[in-house]
Amino acid sequence: MKFNELNLDDSLLSAVTDAGFSEATPIQAQTIPLVLSGVDVIGQAQTGTGKTASFGLPILQEIDVQNPNIQALIISPTRELAVQTQEELQRLGKYRHSKVIAVYGGSDIRRQIKQLHAHPQVVVGTPGRLLDHIKRHTLKLEHVQKVVLDEADEMLDMGFVEDIESILENVPSEHQTLLYSATMPKPIMRIAEKFMHEPKIVKIKSKELTADKIEQYMVRSKEYEKFNTMTRLFDVQKPELALIFGRTKRRVDELTRGLKARGYNAEGIHGDLSQQKRMSVLHQFKTGKLTYLVATDVAARGLDISGVSHVYNYDIPQDPDSYVHRIGRTGRAGHSGVSVTFVSPNEMSYLRGIEQLTNVRMLPLKPPTDAEALTGQLEAAKQEIAQQATHDKLDKFAPAAQELLEEYDPLVLAQLLLKNLSKDPEAIPVKITPERPLPSRHSRGDNRSNRGHGRGGHHNYRSDRRGGNNRNSNHGASRDNSHGHANHSSQRRRRNYTVRTKD
DNA sequence: AAAAAAT
């Protein structure tokens, strides 16, 4: 179905065309006429199916732009989703000159109050901050006619039901309600009964729970091997854009540190980071400046990032729904995707739970060997060298480099490159805290060391307390390349690929 | 049990 068959204003159709769409997705084709007819609607669909426009377009159409009051309210589970929704609605409504703002925690409330004073017609927000504004009397909802509960199952999981209830007390009772949810558990149906009137249900085939465009793999890996296995996979698979999920905020921090230490272009995102940081990291990832985004489930749902080629479940999700959401970040908008889930022996039950829900059997993936991984790194290095050579107009250099690379044992050369490429070679041993705290850690009164960077990563907890100074000294060879002439003459980063056998 | 969300 084409958009122009949906009785939408020309102003909206122009914006849709600008966005590059002509064909409506199933949820849009089915939902838009219903919303326009004024009935309550339950939409069972995930982000990436065109959900936002399916409520956004009819809402924008019915907005009276002469009316300075807030006429539509959209409640989102996470701040990032609120921002994303606001941006999309603003884009779709640009020719209607409707004003859409987002209010959410972690950002300056005074600025938001100013924006609220400027008479927006649509407000997108997260529950906590919406309530905050209501209490401050800076958010007036008495003219709201449409309410959207976006990702309702997610909001339910996060315990927002009471908040939503309090927010809705401030909305006139005869409003139209639209509820979106990827899954439809009983509590969602209860909410629907409570807040909605004879809702029409639009269901997008549950068969598409996990798109078949996603190749789903699993890797059996013990906890302490996971990190190495994953980085080897990176080297072999060379993801364009990878999303890596960890179970806790702390593990996300550790993983990020570890990946950075090994020279991967990685950043983390979770709820304890400042909102500013969250936004900037997400922006970097969306614009491709960042290849590896390590995240808690804050990024599992709703976020629409195009071009995620790989999703890695470093920690398998305990909740099967979470798995569906996580891998749904890839294989979007017609692209194919790959997901890899790491499973340790005591996590097999989670795996079974997931496979039962999705009705898909994950293909076992053999962890790459060191040699395979190094070959992968080598290829990447080759490409980089070639690229740089072209860039510097030193085309002659490329064949020479090729030759060099072919001449030497890849293993030796790759190890060397590794050492040269990584920003902090000493930090290469990475230690990720095990899931459960280790039993007694021989508490001999000194807890000065091992938190954090885990440099040196002794796996053996023997009490060699004098060992403090036995760092292996093979990095004694001076890494400081301050040889009189500074090398910032060359604009780009230059590296010395000196070939020297390892002692 | 963790994460998210108001300060």
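Below, read A as the first sequence line, B as the second, and so on, with proteins coming before strands; counting in each chain starts at 1.
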Colleague: Does dA6(B) have its OP1 or OP2 closer than 4.0 Å to a side-chain nitrogen or oxygen of R79(A)?
Modeller: yes

Colleague: Starting at CD1 of I191(A), measure out to CE of M155(A) and round the result to the nearest 0.5 Å.
Modeller: 8.0 Å

Colleague: For a quick check of understanding: with a heavy-atom distance under 4.0 Å over all strands, which category does G159(A) fall into, base, sugar-phosphate or nothing?
Modeller: nothing

Colleague: Starting at CG of D132(A) and ending at C1' of dT7(B), how long is that distance when rounded to a whole Å?
Modeller: 8 Å

Colleague: Whole angstroms only, please: what is the CG-C1' distance between L130(A) and dA4(B)?
Modeller: 15 Å

Colleague: Closer than 4.0 Å, any side-chain N/O of T296(A) to the OP1 or OP2 of dA2(B)?
Modeller: no

Colleague: Counting only heavy atoms not in K94(A), do more than 12 fall under 6.0 Å of its NZ?
Modeller: yes

Colleague: Can you figure out which of dA1(B), dA4(B), dA6(B) approaches the side chain of Q318(A) most closely?
Modeller: dA1(B)

Colleague: Please check if atom CD in Q276(A) has more than 12 non-hydrogen atoms from other residues, nucleotides or ligands closer than 6.0 Å.
Modeller: no

Colleague: Counting just side-chain N and O atoms, does T126(A) come under 4.0 Å of either OP1 or OP2 of dA4(B)?
Modeller: no

Colleague: Quick one: does K135(A) reach the base of dA6(B) with a side-chain donor-acceptor pair under 3.5 Å?
Modeller: yes

Colleague: Please tell me which of the listed nucleotides, dA2(B), dA4(B), dA6(B), lies nearest to the side chain of V298(A)?
Modeller: dA4(B)

Colleague: Looking at E165(A), I'd like to know if its CD atom is crowded, meaning that more than 12 non-hydrogen atoms belonging to other residues, nucleotides or ligands lie closer than 6.0 Å.
Modeller: yes

Colleague: Select base, sugar-phosphate, or nothing to describe what R278(A) touches, counting heavy atoms under 4.0 Å on all strands.
Modeller: sugar-phosphate

Colleague: Please give, in whole Å, the distance from dA4(B) P to M155(A) CE?
Modeller: 17 Å

Colleague: Would you kindly give the CZ-to-C1' distance between R129(A) and dA6(B), to the nearest whole Å?
Modeller: 7 Å

Colleague: Between Y350(A) and Y323(A), is the ring centre distance below 6.0 Å?
Modeller: no

Colleague: Could you state the CG-P distance from D321(A) to dA2(B), rounded to the nearest angstrom?
Modeller: 19 Å

Colleague: Specify the separation, in whole Å, of atom OH of Y350(A) and atom P of dA2(B).
Modeller: 11 Å

Colleague: Taking only the side-chain heavy atoms of T78(A) (C-beta and beyond), determine which of dA2(B), dA4(B), dA6(B) contains the nearest atom.
Modeller: dA4(B)

